Amino acid sequence: MNDKTVAVIGAGKIGELMLSGLLRAGWPVDRLLATSRRPERAEELRQRYGVRVVDNLTAVAEADVLAISVKPQDAATLLADIGPKVPRDKLVISLCAGLPTSFFAKRLQDGVPIVRVMTNTPALVDEAMTAISAGPHATAAHLSLAEEMFKPLGVTLRVPESQQDAVTALSGSGPAYFYLLVEAMVDAGILLGLPRQVAHDLIVQTAIGSAVMLRDSGEHPVKLREAVTSPAGTTISAIRELENHGVRAALLAALEAARDRARELAEQNA
Ligand SMILES: NC(=O)C1=CN([C@@H]2O[C@H](COP(=O)(O)OP(=O)(O)OC[C@H]3O[C@@H](n4cnc5c(N)ncnc54)[C@H](OP(=O)(O)O)[C@@H]3O)[C@@H](O)[C@H]2O)C=CC1
Ligand SMILES: O=C(O)[C@@H]1CCC=N1
């Protein structure tokens, strides 16, 4: 493990997932810093993780890596404070949806390396999907450092920055789509007369089993679905309804909308 100090700037939901994941992976707590806007949040982070919570400028001065995990709408205000004070020997990692690395480059001194990352909430169980892109001045060593930070939280992949809005629509927001499906299927179980807890347990384990098969069997999802779908059986009756209700088209439109929203966030916060 390297000897870098990482500051999570704006340790909210995603920032906390980073902190806790790095600690689980053995990152020394004295090489982690966090910042927060609210004193009660700072206290919560200190209590929970024993991490030092400092102000943004102290984090800039002391850390080698600045992981920006504020909302895209808060990034300009933050950068107005810290941007001109970030020296060129630091690495800035943005976790912000939508914002291109050019947004940060404009607000930092010329030469500060920037990496853009899109991760997701399964980081909580070390099953995140994290996509990493080089921005201005980011070298192979900077990308490796970003990978070293996110690998313990799950799987990492390098993508060109031009793909990051699509990545955000698929894997960044993706957990929410699966949770919504589970919620709807549990409700369907209620409709069919099952107790809520039974419906929940059936669907959660079915989701886990299906996900592990998708990952480990090496089979195409169509093959896996065909193996469940017996001639004149139950599954095809359900699939006819899913197709009748346009679930496939809804997913195409939904992910396109998420991608468009990422673009809009960039335009609104340019
Ligand atoms: N949630 C998710 O699943 C994912 C989110 N992201 C991205 O991660 C980023 C954070 O999202 P999320 O964690 O959900 O949001 P949160 O609102 O939970 O976290 C952002 C945190 O930043 C704090 N903050 C804002 N401005 C400042 C500042 N100037 N100085 C210090 N702290 C500040 C906020 O404080 P306060 O509590 O006062 O608001 C908040 O605690 C976003 O850019 C989002 O696009 C990326 C992938 C997945
Ligand atoms: O909804 C959002 O904007 C953030 C980015 C990806 C997941 N959550």
Side-chain angles (χ1 to χ4, degrees), residues 7-21 33-46 48-49 51-61 63 66-86 92-101 103-104 107 114-125 127-133 146 149-150 153-157 159 161 163-180 254-269:
V8 176
I9 311 277
K13 287 184 285 294
I14 278 291
E16 180 170 352
L17 289 177
M18 258 191 87
L19 284 174
S20 64
L33 294 171
T35 81
S36 165
R37 223 168 18 183
R38 289 172 299 117
E40 63 273 24
R41 174 65 178 159
E43 197 43 41
E44 197 170 68
L45 293 166
R46 283 189 198 103
R48 231 173 250 169
Y49 304 104
V51 72
R52 201 149 70 87
V53 187
V54 296
D55 61 73
N56 290 330
L57 288 177
T58 305
V60 167
L66 307 171
I68 311 283
S69 53
V70 301
K71 292 232 169 70
Q73 294 89 337
D74 289 327
T77 308
L78 170 73
L79 267 292
D81 286 343
I82 67 167
K85 313 229 167 59
V86 177
V92 171
I93 297 184
S94 164
L95 289 102
C96 300
L99 302 184
T101 52
F103 169 95
F104 295 91
R107 292 163 171 86
I114 309 165
V115 166
R116 179 169 167 186
V117 158
M118 180 47 56
T119 189
N120 64 14
T121 57
L124 183 67
V125 291
E127 291 288 355
M129 181 67 243
T130 303
I132 297 173
S133 308
M149 289 169 51
F150 285 93
L153 307 190
V155 174
T156 64
L157 182 72
V159 298
E161 188 180 357
Q163 293 178 2
Q164 279 283 16
D165 288 341
V167 165
T168 303
L170 265 76
S171 56
S173 299
Y177 317 147
F178 287 108
Y179 298 139
L180 185 138
L255 271 68
E256 197 172 40
R259 190 274 319 268
D260 291 350
R261 179 61 187 145
R263 288 179 176 171
E264 208 173 80
L265 281 168
E267 280 160 23
Q268 289 171 352
N269 296 287

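For ligands, and for the atoms within them, numbers begin at 1 and follow the listed sequence. Throughout, numbering of the chain's residues begins at 1 and tracks the sequence. Keep in mind the model is a prediction, meaning the values are calculated, not measured.
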Using every non-hydrogen atom in the two residues, find where [X] and [Y] come nearest and quote the distance to one decimal.
{"X": "A11", "Y": "L45", "value": "CB-CD1, 3.6 Å"}
{"X": "V51", "Y": "R46", "value": "O-CG, 3.5 Å"}
{"X": "N269", "Y": "R107", "value": "O-NH2, 4.0 Å"}
{"X": "S20", "Y": "Y49", "value": "CB-CE2, 3.5 Å"}
{"X": "P72", "Y": "L265", "value": "CG-CD1, 4.1 Å"}
{"X": "L17", "Y": "A123", "value": "CB-CB, 4.2 Å"}

Hey, is ligand 1 close enough to [X] that some N/O pair sits below 3.5 Å?
{"X": "R38", "value": "yes"}
{"X": "A97", "value": "yes"}
{"X": "R37", "value": "yes"}

Legend entry - Matching residue for M149 among I93, I132, T156, T130 - test: side chain to side chain contact (heavy atoms under 4.5 Å, CB included):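 Among I93, I132, T156, T130, the one that satisfies the side chain to side chain contact (heavy atoms under 4.5 Å, CB included) with M149 is I93.
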
Inset, instruction - Identify the residue among I68, V115, T119, V70 that makes a side chain to side chain contact (heavy atoms under 4.5 Å, CB included) with L95. - result: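 Only one option passes, and that is T119.
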
Inset, instruction - Could you tell me which atoms of ligand 2, counted from 1 in the order shown, lie closer than 4.0 angstrom to a heavy atom of A97? - result: 5 (C)

Legend entry - Close-contact set for ligand 2 against G172 heavy atoms, below 4.0 Å: 6 (C), 7 (C)

Inset, instruction - Please check atom 4 (C) of ligand 2 for a protein heavy-atom neighbour under 4.0 Å. - result: no

To check your reading of the model: name the closest protein heavy atom to [atom], its residue, and the distance in Å.
{"atom": "atom 20 (C) of ligand 1", "value": "S69 O, 3.4 Å"}
{"atom": "atom 14 (O) of ligand 1", "value": "K13 CE, 3.4 Å"}
{"atom": "atom 17 (O) of ligand 1", "value": "K71 NZ, 2.7 Å"}
{"atom": "atom 24 (N) of ligand 1", "value": "V70 CG1, 3.6 Å"}
{"atom": "atom 28 (C) of ligand 1", "value": "N56 ND2, 3.8 Å"}
{"atom": "atom 41 (O) of ligand 1", "value": "G12 CA, 3.5 Å"}
{"atom": "atom 2 (C) of ligand 2", "value": "S173 OG, 4.8 Å"}
{"atom": "atom 21 (C) of ligand 1", "value": "G10 O, 3.5 Å"}
{"atom": "atom 13 (O) of ligand 1", "value": "I14 N, 2.8 Å"}

Inset, instruction - Determine whether the side chains of S171 and N120 contain a donor N or O and an acceptor N or O closer than 3.5 Å. - result: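 No, no side-chain donor-acceptor contact under 3.5 Å.
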
May I ask you to list the atoms of ligand 1 that are less than 4.0 angstrom from any heavy atom of [X]?
{"X": "L78", "value": "29 (N)"}
{"X": "T121", "value": "3 (O)"}
{"X": "M118", "value": "46 (C), 47 (C)"}
{"X": "T35", "value": "31 (C)"}
{"X": "D74", "value": "25 (C), 26 (N)"}

Legend entry - Sole candidate of R259, R261, R116 that passes salt bridge (Lys or Arg N to Asp or Glu O under 4.0 Å) when paired with D165: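 Only match with D165 under salt bridge (Lys or Arg N to Asp or Glu O under 4.0 Å): R116.
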
Inset, instruction - Give a yes or no answer on whether the side chain of Q164 reaches the backbone of A131 with a donor-acceptor pair at less than 3.5 Å. - result: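 Yes, the answer is positive, given that a donor and an acceptor are paired below the 3.5 Å cut-off.
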
Inset, instruction - Please work out which of L95, T119, L99 has its closest non-hydrogen atom nearest to atom 7 (C) of ligand 1. - result: L95

Legend entry - Audit row: R38, E44, salt bridge (Lys or Arg N to Asp or Glu O under 4.0 Å) steps and yes/no: CA-CA 10 Å; R38 289 172 299 117; E44 197 170 68; over 6 Å; no

Legend entry - Proximity of S173 to ligand 1 by residue part, where a heavy atom lies under 4.0 Å: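 Neither; nothing of S173 gets under 4.0 Å from ligand 1.
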
Inset, instruction - State the CZ-CG distance between R37 and L78, to the nearest 0.5 angstrom. - result: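 Going from CZ on R37 over to CG on L78, the span is 9.5 Å.
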
